[in-house]
Amino acid sequence: MSAINASASSQGQKRKREEKDVNSKKVQSDKPPASIYKNLQLAEKPVYKNLQIAESLKAQSKTKKARIDRFQKTENPKFKNLQIAESQKTAPQKARDDAVQKDESQKQDFRNNRQHNPLAAKQNRLLQVRQSLPIWPQATNIRNALLENHVLILAGETGSGKSTQVPQFLHTSAWCTGRVAVTQPRRVAAVSLARRVAEEMGTPLGKSPQSLVGYNVRFDDNVGKNNRIKFLTEGMLLQEMLRDPALAEYSCVVVDEVHERSVNVDLLLGFLRGLVTGTGEAAKKRKGKPLKVVVMSATADTEKLKDFFSEGFGQPPTVDSIPTVNDGEPVLDKEETSVEKSQESSVLSSNKISTCFVEGRMYPVQTEYLSEPTRDFSEAALLQIFQIHRKEPMPGDILVFLTGGDVITNLQQAIEDMIPNVITKDSGLPKLLVLPLYAALSQAQQQAIFSPAPPNTRKVILATNIAETSITVPGVRFVVDSGKAKIKQFRNRLGLDSLLVKDISKSSAIQRQGRAGREAAGKCFRLYTKSNFETLEKDTVPEILRCDLSSAVLTMKARGVNDVMDFPLLTRPSREAMERALLQLLQLDALNPEDGNISDLGRKIARLPLTPAHGRTIIAAADPEMGCLLPVIDIVACFNSENIFVEVKDQDANDEAREARNKLSCRQGDHLTLLSAVQAYASERTDRKQWAKQHLVSHRSMQNVMDVRKQLRAQCQQAKLLTKEELANADDDNLATVSESTGNNILKCFLRGFPTNVARLVPDGSYRTIHGHMAVAIHPSSVLYGRKLEAILYNEFVYTNRTYARSVSAIQMNWLEEIYSGSS
DNA sequence: GAGCACTGC
């Protein structure tokens, strides 16, 4: 692991932020190395863990040895891991053998060329580990499947090795003249997988001419011209499609973690279906070069994916392939019909689509339920934790899934209060160490879960959903599942987000349960009844049904999809939601009013890594009449980072710091307050970390703000919204205090991006939105909290206990007319 | 006088 961290460190230093160089000595020593990727251990993919698992398995008992053997005995029909579509057996065997042979000789060349490579030793060591992965025996089958078919749908459970091995199986295939792209939903996963695969292939990672593997994530492009395999985030590949809708540089796209169903992956599958079936406009630009698509998912929802691609190849969807939401059919019947259908459609889609299933490598997890439902899951969790601690042997840490930071803090307190009563000298029980884990914690606090517990101590990790996908907590053998999560939902009619505690889905419960069986057999305690579990929805509602669609629709329009209602999506949002998004884009001038196609302005907005509303704000600010692009970028960068202002807890904040923070605040509202904070931070040239501490500002989110600001400035320059001279003159040292007229212009630009986020004071002293006349209160975190103003503009409208406007500024009603009479 | 699950360009 230390070697990994060391190389991460050099990468991180190479890419050190420009802004940080000013005080680099200090920053480098304070900050853990490898800036943003230092949390590589947090990577979702337990690639390093697989290695440890495989090795420890070998060293262990015969029964476990037998497990490995079983994984390898795939010829045994009992362990038929792979079901390649029947059709391929009819294809000419010889052509296939030739191609395989060619692939093999190419592979041999790679090996020979690398004989004296110092990385080769490591490569050889890793080969042994790779060969023990459940997916390894399927290499030939997988390669053959894509030789003849265009699409492979691969369901591989955790630990199968699919993410690291499939790209390596494919890149030497004869048809693979271009690159293999592998998409991931998260940045850390893309980077750590790339690093691992480079090691396995015995080449350096990234830009070196010898390197065969690279990665590209936001703020970090590490792709070399000889790379054969490129790991990237889903968003990055979509961004590449703006420049090249045909994805001509690739022969194959591997889409990983499809079951997570991010909006981006849904869009990506739609575009890829067009390319692979040749039905999309962009497909013509590939000039006959085929594109192969591998869709990888942890769950066996292969039928839905198969239907989706079959439909693209011109197969009429069978009646039962139309996605239905819980039609009340008994589960058994459903399975039977889907088996019949799969046999039928594998004929229909001959030579097009293969499906495949690979076993995972997991230990058994025993699941227990409450006998009676509980009203308070925190209390139930408290009891459960101590019961586990009393009854279950060591070692074995406990991972508890909860809803949010406040619940976690309270439960932590409750456990610690209880400890002296339970863990007495007479009890002979081991100690308990309680560790919170949620995204808002600092990196250092999150890292605490990776340090081994002190002797004779059991760790209890109280986590949010972050531990379900993003972070793999080591050492866990017991999972306690509250059955709840905070889920964000966008309400079309009201145009607002709500974040509410809801029941999780079955698949989410299963995912949580699986976290107990990664290193050894484990137990999962569900804080609800068995019958309650049965009533849960099968899957979590895909994000595309839960979010504001304006970004997604603009993404489609910018890539040439004019009829967005007709765009192929795995799950179709309501017509109402789509229409709302189209209307919003029209209001932002991102679409032509005549035909609804994307406008020039819309194209500019689509290139920016922002919501359409923030993109429109940027464009408005670049208008010479407004002339406030740089300050607007600073503010927008803040809205794209976590809260830069650290929570002020009444006791621990000293008066001095509070006063320093108050000096940053601006009477016009939160927008200009953010600006003054960014400018003050940026002009600090000696010790920014210290400055942040003194002003109760989060250094971590400020660093992110500076990254986003740098990126936005560069993109604005590229889009000719900003000249080189203007950028050169943007000197943070010569801070001109923002004049009132500049301040007003800044707010007018935000008004252009958020024309409906306005509320005015009504006679009873409350605020009502100008659209919909809904009651709204200024959020207590605002500098304008409690103030009565003619009208307010807000960045966000959220529902929690009541409806709140967050990030609020004072505006004048006559600005609204001004904006609509003016040109931009 | 409230409270922000988690990603991403």
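Atoms considered below: every heavy atom in the structure, side chains included; atoms not considered: hydrogens, waters and symmetry mates. Chain naming here is simple, since letters A, B, ... match the order of the sequence lines and numbering starts at 1 in each. Since the model is a prediction, treat every value here as computed from it, not as a measurement.
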With respect to the phosphate group of [N], does any side-chain polar atom (N or O) of [X] fall under 4.0 Å of OP1 or OP2?
| X | N | result |
| --- | --- | --- |
| A:Ser781 | B:dG3 | no |
| A:Thr233 | B:dC9 | yes |
| A:Arg187 | B:dC9 | yes |

Just by distance, do the side chain of A:Gln446 and the backbone of A:Ala439 share a donor-acceptor pair under 3.5 Å? yes
Give [X] one of three labels, base, sugar-phosphate or nothing, depending on what nucleic acid heavy atoms sit under 4.0 Å from its own.
| X | result |
| --- | --- |
| A:Gly405 | sugar-phosphate |
| A:Ala439 | sugar-phosphate |
| A:Ile466 | sugar-phosphate |
| A:Arg607 | nothing |
| A:Leu238 | nothing |

Kindly state each residue pair satisfying salt bridge (charged side-chain N to carboxylate O under 4.0 Å, His left out) with at least one member in residues 796-810 of chain A, sequence neighbours excluded. A:Glu796-A:Arg806
Nearest-Å distance, [atom1] ([X]) to [atom2] ([N])?
| X | N | atom1 | atom2 | value |
| --- | --- | --- | --- | --- |
| A:Asp548 | B:dG8 | CG | P | 20 Å |
| A:Ile544 | B:dC6 | CD1 | P | 22 Å |
| A:Lys488 | B:dA5 | NZ | C1' | 9 Å |
| A:Glu796 | B:dG3 | CD | C1' | 13 Å |
| A:Gln239 | B:dC9 | CD | C1' | 5 Å |
| A:His779 | B:dC4 | NE2 | C1' | 8 Å |
| A:Glu260 | B:dA5 | CD | P | 19 Å |
| A:Ile487 | B:dC4 | CD1 | P | 15 Å |

With nearest nucleotide decided by heavy atoms, which residue, A:Tyr804 or A:Met236, maps closer to the 5′ end of DNA chain B? A:Tyr804
On DNA chain B, more 5' by nearest nucleotide between A:Leu499 and A:Pro609 is A:Leu499
Sorted by chain and number, sequence neighbours left out, side-chain contact (heavy atoms from CB on, under 4.5 Å) with A:Gln239 holds for A:Leu242, A:Arg559
Between [options], which nucleotide has the shortest distance from any of its atoms to the side chain of [X]?
| X | options | answer |
| --- | --- | --- |
| A:Tyr785 | B:dG1, B:dA5, B:dC9 | B:dG1 |
| A:Lys486 | B:dC4, B:dC6, B:dA2 | B:dC4 |
| A:Arg186 | B:dG1, B:dT7, B:dC9 | B:dT7 |

Please state whether the rings of A:Phe639 and A:His614 are parallel, tilted or perpendicular, taking 30° and 60° as the class boundaries. parallel
Taking atom CG as the centre, does A:Asp764 end up with more than 12 heavy-atom neighbours from other residues, nucleotides or ligands that are less than 6.0 angstrom away? yes
Determine, stepwise, if the pair A:Lys484 / A:Asp503 fulfils salt bridge (charged side-chain N to carboxylate O under 4.0 Å, His left out). CA-CA 5 Å; A:Lys484 306 277 180 190; A:Asp503 285 343; 2.7 Å; yes
